[in-house]
Amino acid sequence: MPRKPLIAANWKMYKTPVQAQEFTKNFLPLVANHERDEIVLCPSFTSLSVVIAAATGSGVAVGAQNMYSADEGAFTGETSPVMLKAIGVTHAILGHSERRQYFAETDETINKKLKAALQHGLAPIVCVGEVLAEREAGKTNEVLLRQTRGVLAGIEATQAAPIVIAYEPVWAIGTGRTATPQIASEAHGVIRGEVAKLLGGTVAESMRILYGGSVKPENASALMTEEEIDGALVGGASLDPQSFGKIVNY
Ligand code: PGA
């Protein structure tokens with residue numbers, strides 16, 4: 001079965017609820033009846049409810065940018081998968097490089113979150129990717145293998161269907177420096193190969209691997225028409241409805 005591409009907007013720490021609602025109102029008409037790709041908007045926690053309300057019935061899904069692994073408890077400042085699920089969130093970005101870099105997330109903590117997301121029926125969009133120094137030192141594959149193994153540790157093939165992996169080379173995030181379709185494809189092949197080893201060929205063949213890192217209307221088509229690239233995780237260029245609309249409608 002061909003993999004249905006997924007295109008997700010990662011708004012990071014941008015937009016108030018009013019701005020998020022305004023975006024949604026302007027964006028939805030641009031993707032009305034869009035069937036080729038699954039579309040997911042990931043606002044900050046404070047805007048989840050307004051975006052969910054605005055997107056109801058549109059076919060556009062709403063995801064969180066992070067979550068904690070416990071259902072509830074004394075974890076000041078954290079948000080649980082139970083809470084997300086209760087308001088209609090369907091996806092969660094996990095282990096974004098900014099979470100790894102600024103908030104000390106590791107493959108191990110991300111793996112716990114991934115298991116919790118699956119347990120609660122949230123589709124995890126789990127991020128992997130090398131930093132520039134690792135690429136320049138020829139360590140890209142080693143990093144991708146380690147991260148893929150780490151975040152998927154203990155996952156069974158029968159649980160894996162909702163998992164989406166996002167390959168985001170850290171040197172391409174917010175820098176305007178996009179990986180070429182060839183570079184991205186190669187990395188996706190490495191990740192898919194490891195998923196096949198861990199979870200079997202059938203799971204690997206159906207798992208969606210997104211590319212993220214300076215995806216823009218101008219490069220979306222070249223990236224997304226690559227066989228190995230099953231969609232995109234878009235930061236900066238997803239903040240404007242016209243721009244994100246162009247990416248989705250590449
Ligand atoms: P960018 O961010 O599109 O602004 O490079 C992508 C991401 O961090 O998910």
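Both counts, for ligands and for their atoms, begin at 1 and track the order of listing. Small disclaimer: the values here were computed from a predicted structure and weren't measured. The first residue in the sequence is number 1, and the count goes up from there.
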Enquirer: For Pro43, run the side-chain contact (heavy atoms from CB on, under 4.5 Å) check against Val50, Asn10, Ile52, Val51 and tell me which one passes.
Expert: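 Output: one option passes, namely Val51.
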Enquirer: Just to check, does Gly174 reach to within less than 4.0 Å of ligand 1 when the distance is taken from its heavy atoms?
Expert: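 Yes; Gly174 lies near enough to ligand 1 that a heavy-atom distance drops under 4.0 Å.
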Enquirer: Linking I/L/V/M/F/W/Y whenever their side-chain heavy atoms sit closer than 4.5 Å, directly or via other members, would Ile173 and Tyr14 fall into one cluster?
Expert: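 Hydrophobic grouping puts Ile173 apart from Tyr14.
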Enquirer: Backbone N or O of Ile7 within a donor-acceptor pair of the Asp37 side chain at under 3.5 Å?
Expert: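 Checked: no pair found.
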Enquirer: Looking at every non-hydrogen atom in both residues, tell me the closest pair between Val143 and Gly129 and how far apart they are.
Expert: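 Smallest interatomic distance, heavy atoms only, reads CG1-O, 4.2 Å.
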Enquirer: Does a donor on one side chain and an acceptor on the other come within less than 3.5 Å for His120 and Asp71?
Expert: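 Yes, a side-chain donor-acceptor pair sits under 3.5 Å.
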Enquirer: Is the backbone N or O of Gly121 less than 3.5 Å from a side-chain atom of Lys85, with the two atoms forming a donor-acceptor pair by type?
Expert: yes
Enquirer: Suppose I only count heavy atoms of Ser214 and a 4.0 Å limit; which atoms of ligand 1 are within that range?
Expert: 1 (P), 3 (O), 5 (O)
Enquirer: Given that the side chain starts at C-beta and the backbone is N, CA, C, O, which of these parts of Asn10 lies under 4.0 Å from ligand 1, counting heavy atoms, or is it both or neither?
Expert: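 The answer is the side chain of Asn10.
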Enquirer: Going through the distances and angles, do Gln65 and Trp11 end up as a side chain to side chain contact (heavy atoms under 4.5 Å, CB included)?
Expert: CA-CA 8 Å; Gln65 297 174 16; Trp11 290 348; 4.2 Å; yes
Enquirer: Atoms of ligand 1 less than 4.0 Å from Gly236 heavy atoms?
Expert: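 Answer for ligand 1: 1 (P), 3 (O), 4 (O).
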Enquirer: Could you tell me whether Gly235 and ligand 1 have an N or O pair separated by under 3.5 Å?
Expert: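 Among all N and O atoms of Gly235, at least one is under 3.5 Å from an N or O of ligand 1.
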Enquirer: Atom 9 (O) of ligand 1: which protein heavy atom is closest, and how many Å away?
Expert: Glu168 OE2, 2.7 Å
Enquirer: Could you establish whether Ala172 and ligand 1 come within less than 4.0 Å of each other, counting only heavy atoms on the residue side?
Expert: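 Flag set, Ala172 near ligand 1.
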Enquirer: Need the ligand 1 atom indices (1-based, order shown) with element for anything under 4.0 Å from a heavy-atom of Lys12.
Expert: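 Reading through ligand 1 atom by atom, the close ones are 2 (O), 7 (C), 8 (O).
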Enquirer: Show which atoms of ligand 1 fall inside a sub-4.0 Å distance from at least one heavy-atom site of His96.
Expert: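 By the 4.0 Å cutoff, the relevant atoms are 7 (C), 8 (O), 9 (O).
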Enquirer: Go through ligand 1 atom by atom and flag the ones less than 4.0 Å from a non-hydrogen atom of Gly213.
Expert: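 Going through ligand 1 atom by atom, the ones under 4.0 Å from Gly213 are 5 (O).
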